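Each chain gets a letter, A, B and so on, in the order the sequences are listed, and its residues count up from 1. Computed from a prediction, not measured in an experiment: that's the story for all the values here.
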Protein chains: 4
Amino acid sequence: MRADARRNRDRIVEAARAVVAERGIDAPMELIARRAEVGVGTVYRRFPDRHALIAAMADQYIHEIADALTRAEESGDGAMAAVRSFVVWCGDQGRGALAAALADLPQELFEEMREFVTVRANMVERLEALVATAQERGEMRADVGADDLMALLNIFACHPTPRGEHYLRIMLDGIDNSSRHH
Amino acid sequence: MRADARRNRDRIVEAARAVVAERGIDAPMELIARRAEVGVGTVYRRFPDRHALIAAMADQYIHEIADALTRAEESGDGAMAAVRSFVVWCGDQGRGALAAALADLPQELFEEMREFVTVRANMVERLEALVATAQERGEMRADVGADDLMALLNIFACHPTPRGEHYLRIMLDGIDNSSRHH
Amino acid sequence: MRADARRNRDRIVEAARAVVAERGIDAPMELIARRAEVGVGTVYRRFPDRHALIAAMADQYIHEIADALTRAEESGDGAMAAVRSFVVWCGDQGRGALAAALADLPQELFEEMREFVTVRANMVERLEALVATAQERGEMRADVGADDLMALLNIFACHPTPRGEHYLRIMLDGIDNSSRHH
Amino acid sequence: MRADARRNRDRIVEAARAVVAERGIDAPMELIARRAEVGVGTVYRRFPDRHALIAAMADQYIHEIADALTRAEESGDGAMAAVRSFVVWCGDQGRGALAAALADLPQELFEEMREFVTVRANMVERLEALVATAQERGEMRADVGADDLMALLNIFACHPTPRGEHYLRIMLDGIDNSSRHH
DNA sequence: CATGAATGAGATTTCATTCAT
DNA sequence: AATGAATGAAATCTCATTCAT
């Protein structure tokens, strides 16, 4: 029953993302269970409490972002271009609710989220490298760090808007020394 | 006893802002009542339900913003400068929780919030004028409207950050044609 | 509504005693509420959690015992007789379940039960005096203290038995130097 | 595989005793299973429900007591001495939780516990003989039967106390005609 | 009018028990 | 036979809202 259990675990995380997207981070566990077509008990077997479930979603989330950064790095169009394409990818996805949910997670919870913290740190490091390169080449303004980029991306992720993509471009234009408006 | 009642009403709204700032929009009504040194019953006499109370906070909030715009207009340093100073003021204040609360208020509620909607509309109109002027003078990029500014301000208001002011300036630099980075 | 509230509080404690007597210390709060003809919410308004309710029962209980001791003291038949009549009274009452419940209360809870602890201490002190007098007069064996009496009474209280009174008498005969069996 | 199964059965009963001692009669079945290093399913295969498991523990328990009585009988120091040594042995052991658990087992369950009932009956009979002899010799007060002794022992077993042995001795002194206090 | 007591629906979490593998 | 995953009923506790005083 290992396989079954694994499948259920994934279904639960998936369901949780969907429900959190619709109802926010406080959505009843029962709803998540029902969405995953599973009893509440099963949810609690896999995730001892709500936080554990959130942590699992966060892990998935950060992995997706890290993967996006990898793809941007590998596109081979130069540092600033990689930053641009990463930023655009981030703005593109429908992750608003989850981002927002994570954003107002009590700080202390992150201390138990090893996986998340590690992956995130690694990703910021790689972004740091891109930023440094872009700045050395004079393509990016100097008073912005990878942390700032992440913070900005997060802020925008938390507030999905019809014109969101436009705003991200404004942000990039505020950062990118080589861009001049149309 | 009219005066007493008025005083109570104000105390309640004040208390609600404080409590919402600390505990989020879902803070227990009882807490708000206690902060206002009033029974829950009194809160419910003034505000038939939670939404009514939020609406009242929103009114106060929008008035403060409108006043800030007025001050910016009157500073007499030109359209773009006025926009800048208004934007910075907005980013400066500790209104995160309230902004966020208003942001995820169900859309239909605004229909009953006459005062709020009116004041907001008037303010957007005035901001529109500033934007038009700045754009005519070539000081502001053309693909940004007063609505966008409001949306951006709101987004940042919802996410107070140590470096928030910095981020706003980045956004302004993305908008302001006359700025070139240091 | 002060009077109503007070009445309710008392009904709840009364109901709790009855329900605990029937179903043990883990009886559902809902049952207690129903027995008191009150909503669960009301129970939780008066007693923030289960422990607070138990503490209230314990207070009542210890007061009843303390009163019994007072009556025994005032009977004026001498120290050993007072001890005897107190012990018999204790064995007589139908407090088994409550005694048992209190007996397996985690030790740390007593630290918050000021009233209970104080009353109990005062009572043990008075019993100590009786014991000392009886022992000075050679009426009671010397290696038994008030603490021991309380412990013994408690043990018997926790196990109501048809022949309970008989057992208490055996115990007294084990303690009372002046008694010789029939 | 019969041997394996038997071994498992024993491990489960052993684990159950340990867990019940620590966590009381309501300890989760899963905990017992884990302690026995066995799946819950296995526990339920051996013992259809919680009561069956308790009954098994009771069997063990009563056998131990019966054995103690046998040893006391065989000590050859006379009836009253045998009673004394049996009583003291019973009071000595750390079986509180189990005794208490059995004490509040619904009466009807005993009807299905053939083994337990039989062993117990046999033991009471033997104790009866000792008591009769002691009473004939005038060593024990006449209004106490083997049933009373068992009840008393049970009561004390249910309430382990630092001074428990002392209390048992007091009881014995209340029973033993030949004893006069120090 | 103000108060705060009462209500009860709803959310979280735990476990006994069943059953697929 | 053994395992441990799944289930769902039950228990605890919290709060929005109503209403007696």
Side-chain angles (χ1 to χ4, degrees), chain A residues 1-9 11-12 26-34 36-53, chain B residues 1-2 4-5 8 12 26-34 36-51 53, chain C residues 1-9 11-12 26-34 36-53, chain D residues 1-2 4-5 8 12 26-34 36-51 53:
Chain A
M1 189 159 296
R2 191 76 53 75
D4 255 46
R6 178 74 210 172
R7 184 153 46 253
N8 266 347
R9 210 202 102 102
R11 288 171 65 127
I12 291 168
D26 291 328
M29 293 297 257
E30 180 111 21
L31 225 65
I32 293 171
R34 200 122 56 209
E37 291 177 300
V38 133
V40 231
T42 304
V43 175
Y44 277 93
R45 162 173 283 270
R46 298 300 156 208
F47 307 98
D49 59 17
R50 173 179 227 85
H51 296 320
L53 181 51
Chain B
M1 180 104 2
R2 185 74 54 76
D4 251 44
N8 265 350
I12 292 166
D26 291 327
M29 293 298 259
E30 181 115 18
L31 228 63
I32 295 171
R34 200 123 55 208
E37 291 176 301
V38 135
V40 235
T42 306
V43 175
Y44 277 93
R45 161 169 296 272
R46 298 298 164 212
F47 307 97
D49 60 17
R50 180 181 218 84
H51 292 318
L53 181 51
Chain C
M1 190 161 297
R2 191 75 55 76
D4 255 46
R6 178 73 211 174
R7 185 156 40 255
N8 266 347
R9 210 202 101 103
R11 288 171 65 129
I12 291 167
D26 292 328
M29 293 298 258
E30 180 112 21
L31 225 65
I32 294 170
R34 200 120 57 206
E37 291 177 298
V38 134
V40 230
T42 304
V43 175
Y44 278 95
R45 161 174 283 271
R46 297 301 157 207
F47 307 97
D49 58 17
R50 175 178 224 86
H51 295 321
L53 181 50
Chain D
M1 180 108 356
R2 185 74 56 76
D4 252 44
N8 265 350
I12 291 167
D26 292 327
M29 292 299 259
E30 182 115 19
L31 226 66
I32 294 170
R34 200 123 55 209
E37 291 177 302
V38 135
V40 234
T42 305
V43 175
Y44 277 92
R45 162 171 293 272
R46 299 299 164 209
F47 307 97
D49 60 16
R50 180 182 219 82
H51 292 319
L53 182 50

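Remark: P of F:dG8 and CZ of A:Arg45 are 15 Å apart, rounded to the nearest angstrom. Separating the CZ atom of B:Phe47 from the P atom of F:dA16 is a distance of 16 Å, rounded to the nearest angstrom. For the pair C:Asp4 CG and E:dA6 P, the interatomic distance rounds to 7 Å; values are reported in whole Å. Atom CG in B:Leu31 sits about 10 Å away from atom P in F:dA16, given to the nearest Å. Taking atom NE2 of residue C:His51 and atom P of nucleotide F:dT12, one finds them 11 Å apart after rounding to whole Å. One can place CG of C:Asn8 at 17 Å from P of E:dG4, the figure rounded to the nearest angstrom. Computed from coordinates, the C:Glu37 CD to E:dG8 P distance equals 12 Å when rounded to whole Å. Spacing between atom CZ of A:Arg6 and atom P of E:dT21 amounts to 19 Å, rounded to whole angstrom units.
When all heavy atoms of C:Met29 and C:Val43 are compared, the pair lying nearest together is CE-CG1, 3.9 Å. Summarising the geometry of D:Leu53 relative to D:Ile32, their closest heavy-atom pair is CD2-CD1, 4.1 Å, with the distance given to 0.1 Å.
Under 4.0 angstrom from either OP1 or OP2 of F:dA5 there lies no side-chain N or O belonging to A:Arg9. Considering only side-chain N and O atoms, C:Thr42 lies nowhere under 4.0 angstrom from the phosphate OP1 or OP2 of E:dA5.
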Sugar-phosphate or base contact per nucleotide [nucleotides 10-17 of chain E; S, B, -; heavy atom under 4.0 Å]: -SSBBSSB

Just list the side-chain donor-acceptor pairs under 3.5 Å for residues 45-52 of chain A, sequence neighbours left out, or say none.
| residue | atom | partner | partner atom | Å |
| --- | --- | --- | --- | --- |
| A:Asp49 | OD1 | A:His51 | N | 3.2 |
| A:Asp49 | OD1 | A:Ala52 | N | 3.1 |
| A:Arg50 | NE | A:Ile25 | O | 3.3 |
| A:Arg50 | NH2 | A:Ile25 | O | 3.0 |
| A:Arg50 | NH2 | A:Asp26 | O | 3.3 |
| A:Arg50 | NH2 | A:Ala27 | O | 2.3 |

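B:Arg46 comes within 4.0 angstrom of the backbone, heavy atoms only, and of no base.
Residues that satisfy the side-chain hydrogen bond (donor to acceptor under 3.5 Å, both in side chains) test with A:Glu37, not counting sequence neighbours, are A:Arg11.
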Strand DNA chain F in bracket notation, Watson-Crick/G-U under 3.5 Å with | for pairs to another chain: .||||||||||||||||||||

